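What follows is one structure encoded as structure tokens, with my remarks underneath.
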Amino acid sequence: MALLQIQLLGGCEFRDRSGRRLPLTARKCRALLAFLAMQLGQPQSREKLAALLWDESDGESARTSLRQALATIRRSLPAKAHALLRADPLQIALDAAEIEVDVVQLRALLAESTTASLRAAMAIAAGELLEGFDARSGAFDEWLGMERRALRRDLASAMQMLARLCREAGDAAGEIDALNRLLALEPLNEAAHRELME
């Protein structure tokens, strides 16, 4: 099991290897860790992160707040996981080696595009990305809105594909499940309503 488990679908949870929640309650720290988890393994510039989360502060104050948030996150991580948060004077990243992120797993399953992977994706996609989360940052909220829309589009396409694969395999129950999930994502999808009635 990974040193760090991050759940971003249906809420926002950070857990250690044993399943215990990390003692990380500060809103901006949680937002920073969630953002880095969404970009798992990809270094992000300090300037970008400071502007994303402290968009109403001046540059120096935002950079100071970012340094403080990083220190808080590092303190909340289990000792063995400290190295997973990589930071240098210019960039910050989460090391993908020992971290499980539900959104990253979901995207990998969607990319695989088999009946089994799409069913597994349907099981993982239990709720909206960072549901109920408020970082109190306009820039973060804008980014989150775009990510939610993109993920909803990807899930809708995947459910259409799964419905087709189930139909071709003669699996009526699987097709109905996929169409119901599609309609939960896109209630006004007339083609899905027609297909479900048929």
Side-chain angles (χ1 to χ4, degrees), residues 1-108 124-155:
M1 185 170 282
L3 286 174
L4 189 58
Q5 300 160 27
I6 300 177
Q7 175 201 333
L8 302 177
L9 295 168
C12 184
E13 293 290 334
F14 308 103
R15 297 181 184 273
D16 65 16
R17 176 173 273 167
S18 65
R20 284 186 305 244
R21 286 185 182 163
L22 298 189
L24 188 63
T25 57
R27 188 186 310 263
K28 299 283 188 179
C29 294
R30 292 171 67 79
L32 176 57
L33 193 52
F35 183 84
L36 291 171
M38 290 282 292
Q39 324 299 325
L40 194 60
Q42 301 171 29
Q44 305 295 310
S45 79
R46 284 178 179 261
E47 293 296 325
K48 174 183 176 180
L49 295 170
L52 181 74
L53 288 163
W54 293 276
D55 55 346
E56 295 190 4
S57 299
D58 66 69
E60 188 54 41
S61 295
R63 286 188 293 275
T64 299
S65 296
L66 176 61
R67 282 192 300 274
Q68 291 169 344
L70 282 171
T72 301
I73 291 170
R74 207 176 290 281
R75 281 194 304 272
S76 76
L77 292 173
K80 290 182 180 178
H82 283 190
L84 298 177
L85 182 59
R86 298 190 327 256
D88 64 33
L90 298 176
Q91 298 180 319
I92 302 165
L94 282 179
D95 188 339
E98 285 289 333
I99 301 176
E100 288 177 5
V101 182
D102 58 356
V103 177
V104 173
Q105 292 170 333
L106 176 64
R107 286 181 172 155
I124 290 176
E128 187 172 52
L129 179 64
L130 290 171
E131 194 169 310
F133 192 82
D134 179 12
R136 296 196 177 149
S137 164
F140 185 88
D141 290 343
E142 187 177 326
W143 166 81
L144 181 55
M146 288 189 300
E147 289 292 328
R148 284 175 174 164
R149 287 188 293 277
L151 191 57
R152 199 174 296 124
R153 263 193 319 271
D154 291 347
L155 283 168

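Small disclaimer: the values here were computed from a predicted structure and weren't measured. Atom set for the values below is all heavy atoms of this structure, side chains included, hydrogens, waters and symmetry mates excluded.
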Side chain proximity check, [X] to [Y], heavy atoms < 4.5 angstrom:
{"X": "Phe14", "Y": "Ile73", "value": "no"}
{"X": "Leu77", "Y": "Leu3", "value": "no"}
{"X": "Ile6", "Y": "Cys12", "value": "no"}
{"X": "Val103", "Y": "Glu147", "value": "no"}
{"X": "Val101", "Y": "Leu94", "value": "no"}

Shortest non-hydrogen contact from [X] toward [Y]:
{"X": "Trp54", "Y": "Ala62", "value": "CB-CB, 3.7 Å"}
{"X": "Leu9", "Y": "Leu106", "value": "CD1-CD2, 3.9 Å"}
{"X": "Ser61", "Y": "Ser57", "value": "CB-CB, 4.0 Å"}
{"X": "Ala87", "Y": "Arg46", "value": "CB-NH2, 3.7 Å"}
{"X": "Leu129", "Y": "Arg148", "value": "O-NE, 2.8 Å"}
{"X": "Ala31", "Y": "Phe140", "value": "O-CE1, 3.7 Å"}

Exercise for the section: Just grab all the salt bridge (Lys or Arg N to Asp or Glu O under 4.0 Å) pairs involving residues 20-38, residues at least two apart or on different chains. Expected result: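 Only Glu13-Arg21, Asp16-Arg20 qualify under salt bridge (Lys or Arg N to Asp or Glu O under 4.0 Å).
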
Inter-residue atom distance [X].[atom1] - [Y].[atom2], 0.5 Å rounding:
{"X": "Leu70", "Y": "Ile92", "atom1": "CG", "atom2": "CD1", "value": "4.0 Å"}
{"X": "Leu144", "Y": "Leu130", "atom1": "CG", "atom2": "CG", "value": "5.5 Å"}
{"X": "Leu32", "Y": "Leu85", "atom1": "CG", "atom2": "CG", "value": "8.0 Å"}
{"X": "Leu66", "Y": "Leu49", "atom1": "CG", "atom2": "CG", "value": "6.0 Å"}
{"X": "Leu40", "Y": "Gln42", "atom1": "CG", "atom2": "CD", "value": "8.0 Å"}
{"X": "Lys80", "Y": "Glu98", "atom1": "NZ", "atom2": "CD", "value": "10.0 Å"}

Exercise for the section: Keeping to residues at least two apart or across chains, list the side-chain hydrogen bond (donor to acceptor under 3.5 Å, both in side chains) pairs with something in residues 66-78. Expected result: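 The answer is Thr64-Arg67, Thr72-Arg75.
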
Practice task
Can you run down the side-chain hydrogen bond (donor to acceptor under 3.5 Å, both in side chains) pairs that involve residues 81-97, sequence neighbours left out, and say none if there aren't any?
Solution key: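 Residue pairs with at least one partner in residues 81-97: there are none.
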
Using modelled atom types and a 3.5 Å cut-off, is there a donor and acceptor pairing between side-chain atoms of [X] and backbone atoms of [Y]?
{"X": "Gln7", "Y": "Gln5", "answer": "no"}
{"X": "Arg107", "Y": "Leu151", "answer": "no"}
{"X": "Ser137", "Y": "Asp55", "answer": "no"}

Practice task
Might you confirm whether atom CD of Glu142 has over 12 heavy atoms from other residues, nucleotides or ligands at distances under 6.0 Å?
Solution key: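 No, the 6.0 Å shell around CD holds no more than 12 heavy atoms from other groups.
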
What pairs with [X] under side-chain hydrogen bond (donor to acceptor under 3.5 Å, both in side chains), at least two apart in sequence or on another chain?
{"X": "Glu56", "result": "none"}
{"X": "Arg136", "result": "none"}
{"X": "Arg152", "result": "Glu128"}

